[in-house]
Amino acid sequence: MKKIISIMLFCSMLLMTACSGTAQKEASQEVPETQAQTEALTEIQTESETAVAEMQKNIFDGYVSNTVISTGNNYMTDAKGGVTFRTYFPVEEAGELEYRFYFSNTVDSTWERGRYSYAGKSGGNYQILNAHVWTASSPDTDDDSEPVEITFDGNPEKSVSPDEIFRSDAVKLDVPEGKYLVWEWTLDGVDIPCIRMTELAYSYILKDDGALEYNMDVPCPQFIGTNRNVKKKIACFGDSITQGAETTAYEQNFWVSELSERLGSEYAVWNIGCGYARASDAALCGNWLERAKSANIVTLAFGTNDLAVGQYGQRNSSSADEIENWLRTLIQELQNAGCQVILFNLPPFDFDEATEDIRTEINSRIPGIAEETGCGFFDWAVLLSNPENPSQSLYGGHPDDEGCQIIAEAFLEQFREMLEN
């Protein structure tokens, strides 16, 4: 039994964290011959799921996110022969803190139509050759602190298996106010899950001559956690609008960062938005959703890419019925984990007439879904739409800096009591 559980801990997170009934459905394709076999299979599944849930809980126990830069997995990159990646992260709370870094070797969400990466795709086998953190004012300064080595169960190197989840050992790091936490690691392998940053954080490949070359396909920790006390943990779960696409480069003017700045470091705001993500991706109930479940409050903002590109493997826009079902699945999963959920509607994205009709239909349903399920409801569509033509965006399909300020201010005004109590 212990052997089976051990194997399950490092197998696919799609199996480990599947929505209610999914794992059982797959298992039922091989029907046991006897009642004893049925009972044994049920016992194995129950014990495995319990062990996985405990492992997931322990990974986040006592730690909260300390950056508003999203580091989910929505793409893949190669690092054949060893490649050094470096990323500069702004922190929510400065000073000396204990850090731990969490990793998932599975793709969270589908990029474009999924030709190269899609939700639930397993990462490849790869090697962590070394990893370090330090602090710096910017990539252009020479005031860097001394690097601190990151280890994994006491080892500076680690072999990573497909779909493995793991965390680093704890380290102390003092990040002065206004400086960045610099994450650097050298990897060797192929099909390594990463995030497409699109100039949200300074991210580079270190060349052989020591020069930094900009690189937007960045493998990073999925969670940059600190051991600190906060009033509330807030996870912002959504697509590129949540991630922060098309706001001013490197300025952290996207709405999640604006929200974090207004709340202050007494709150931990974790951005888990991924560019091109769909509600259908999140509703696979993989590790991405499991990470969201660690928060007290989860903002749920999906649907735009379900309309723009459709579900992975399909060529048409998803229907209002499909989007509603996926949203209901996410709400139920999050609420079952004890999270308060705030449901967003679909903002304007300058769609064609047929697609806009679907957006109008799902938006007409979302307030009722929120009321029925006991969620908060945030109508950012009305904030971002041209009053004369609600299908037209005022601040761009990806809201610009001004639009993001408006979102953050309206959100805080509406939900301050929930956040404070």
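- Within the 6.0 Å centre-distance limit, the rings of Phe344 and Trp255 are counted as a close aromatic pair.
- Using a 3.5 Å distance cut-off with no hydrogens or angles, the side chains of Thr247 and Asp401 do not pair a donor with an acceptor.
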_Chi angles and distances behind the side-chain contact (heavy atoms from CB on, under 4.5 Å) call for Ser65, Glu92_ = CA-CA 8 Å; Ser65 175; Glu92 293 183 78; 4.1 Å; yes
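- The shortest non-hydrogen separation linking Val68 to Val269 is CG1-O, 3.9 Å.
- Judged by distance alone, the side chain of Arg278 and the main-chain N or O of Ser109 form no donor-acceptor pair under 3.5 Å.
- A donor-acceptor pair under 3.5 Å links the side-chain atoms of Asp379 to the main chain of Val382, judged by distance alone.
- Thr299 contributes atom OG1, which lies 7.0 Å from atom CD1 of Ile342 (distance to the nearest 0.5 angstrom).
- Other residues, nucleotides and ligands place more than 12 heavy atoms under 6.0 Å from the CD atom of Gln405.
- Taking both residues in full, the closest heavy atoms of Ile241 and Gly397 are given as CD1-O, 3.6 Å, listed atom of the first, atom of the second, then distance.
- Using a 4.5 Å heavy-atom cutoff, the side chains of Asn325 and Thr329 are not in contact.
- Rounding to the nearest 0.5 Å gives a distance of 6.0 Å between CD1 of Ile323 and CG of Leu346.
- Taking every heavy atom of both residues into account, Cys404 and Pro399 meet most closely at SG-O, 3.5 Å.
- With a 4.5 Å cut-off on side-chain heavy atoms, Asn125 and Ser161 count as touching.
- Side-chain N/O atoms of Asn215 and Ser203 include no donor and acceptor closer than 3.5 Å.
- Residues Tyr276 and Glu112 meet the side-chain proximity criterion, which asks for heavy atoms closer than 4.5 Å.
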*asked:* Between Tyr63 and Glu98, is the side chain to side chain donor-acceptor pair (under 3.5 Å) condition met? List the steps.
replied: CA-CA 9 Å; Tyr63 289 82; Glu98 181 180 281; 2.4 Å; yes
_Thr106 and Ser122: CA distance, side-chain angles, deciding distance, side chain to side chain donor-acceptor pair (under 3.5 Å) verdict_ = CA-CA 5 Å; Thr106 306; Ser122 301; 5.6 Å; no
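- Checked against the 6.0 Å centroid criterion, the rings of Phe254 and His398 do not qualify as a close aromatic pair.
- No donor-acceptor distance shorter than 3.5 angstrom exists from the side chain of Arg416 to the backbone of Gln414, with no hydrogens or angles considered.
- Aromatic pair Phe411/Phe378: centroids less than 6.0 angstrom apart.
- There is a side-chain donor-acceptor pair under 3.5 Å between Asp281 and Thr110.
- Although no hydrogens or angles enter the test, the distance criterion places no donor-acceptor pair under 3.5 Å between the side chain of Ser393 and the main chain of Tyr395.
- Between Asn66 and Arg228, the side chains place a donor N or O and an acceptor N or O closer than 3.5 Å (distance only, hydrogens not considered).
- Look at Glu324 and Arg365 and you find a salt bridge, because one of the NZ, NE, NH1 or NH2 atoms lies within 4.0 Å of a carboxylate O, short of that distance.
- Using a 4.5 Å cut-off on side-chain heavy atoms (C-beta onward), Val91 and Tyr99 make contact.
- Panel note: side chain Ser117, backbone Asn74; a donor-acceptor pair is recorded below 3.5 Å.
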*Give the intermediate values and the outcome of side chain to side chain donor-acceptor pair (under 3.5 Å) for residues Asp188 and Gln127.*
CA-CA 5 Å; Asp188 184 7; Gln127 296 284 327; over 6 Å; no
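- Both tests hold for Lys158 against Phe166: distance to the six-membered ring centre under 6.0 Å, angle to the ring axis within 45°.
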*Phe85 vs Tyr204, ring-ring contact (aromatic ring centres under 6.0 Å, His included): CA-CA, chis, key distance, verdict*: CA-CA 6 Å; Phe85 299 90; Tyr204 304 94; over 10 Å; no
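- Counting heavy atoms from C-beta on, the side chains of Gln252 and Glu261 never come closer than 4.5 Å.
- Put simply, the side chain of Ile234 does not reach to within 4.5 Å of the side chain of Val256, judged on heavy atoms.
- Ser265 approaches Val230 most closely through the heavy-atom pair O-CG1, 4.1 Å.
- Counted by atom type alone, Asp352 and Thr355 present one or more donor-acceptor pairs between their side chains at under 3.5 Å.
- Atom CD of Glu157 is separated from atom CD1 of Ile128 by 10.0 Å, given to the nearest 0.5 angstrom.
- Ser104 and Gln222 are not linked by any side-chain donor-acceptor pair at a separation below 3.5 angstrom, with hydrogens and angles left out of the test.
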*Start with the C-alpha distance between Trp183 and Tyr88, add both sets of side-chain angles, then the distance that settles side-chain contact (heavy atoms from CB on, under 4.5 Å), and finish with yes or no.*
CA-CA 6 Å; Trp183 170 269; Tyr88 292 72; over 6 Å; no
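- Counting non-hydrogen atoms of neighbouring residues, nucleotides and ligands closer than 6.0 angstrom, the CG atom of Asn229 reaches no more than 12 such neighbours.
- Just one residue in the list Ile69, Ile272, Ile195 forms a side chain to side chain contact (heavy atoms under 4.5 Å, CB included) with Gln243, and that residue is Ile195.
- Checking Asp321 against Ser319 by side-chain atom types alone, no donor-acceptor pair falls below 3.5 Å.
- Figure legend: Arg196 and Trp111 shown as a cation-pi pair, the cationic atom lying under 6.0 angstrom from the six-membered ring centre and within 45 degrees of its axis.
- Under 3.5 Å, the side chains of Tyr214 and Glu199 contain no donor-acceptor pair of N or O atoms.
- A salt bridge does not link Lys231 to Glu420: none of the charged nitrogens lies less than 4.0 Å from a carboxylate oxygen.
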*Test ring-ring contact (aromatic ring centres under 6.0 Å, His included) on Trp185 and Phe103 and set out the steps.*
CA-CA 13 Å; Trp185 58 346; Phe103 307 82; 5.4 Å; yes
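- The two atoms that bring Ala381 and Asn363 nearest to each other are CB-ND2, 4.1 Å, heavy atoms only.
- With a 4.5 Å cut-off on side-chain heavy atoms, Ser317 and Asp306 do not count as touching.
- Note that CD1 of Ile205 is 12.5 Å distant from CZ of Arg86, once rounded to the nearest 0.5 Å.
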_Step-by-step side chain to side chain donor-acceptor pair (under 3.5 Å) determination, Asn287 to Tyr102_ = CA-CA 12 Å; Asn287 183 262; Tyr102 168 99; 2.7 Å; yes
*Could you walk me through whether Val133 and Phe101 pass the side-chain contact (heavy atoms from CB on, under 4.5 Å) check?*
CA-CA 11 Å; Val133 290; Phe101 305 91; 3.8 Å; yes
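- Minimum interatomic distance between Ser294 and Lys233 (heavy atoms only, all atoms of both residues): O-NZ, 3.0 Å.
- Put simply, the side chain of Leu419 reaches to within 4.5 Å of the side chain of Ile297, judged on heavy atoms.
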_Full working for side-chain contact (heavy atoms from CB on, under 4.5 Å) between Ser70 and Trp270_ = CA-CA 8 Å; Ser70 175; Trp270 188 10; over 6 Å; no
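- Ion pairing of Asp191 with Lys121 is absent here, as no side-chain N (NZ or NE/NH1/NH2) approaches a carboxylate O to less than 4.0 Å.
- With sequence neighbours excluded, the residues forming a side chain to side chain contact (heavy atoms under 4.5 Å, CB included) with Asn105 are Tyr126, Val160, Pro193, listed by chain and number.
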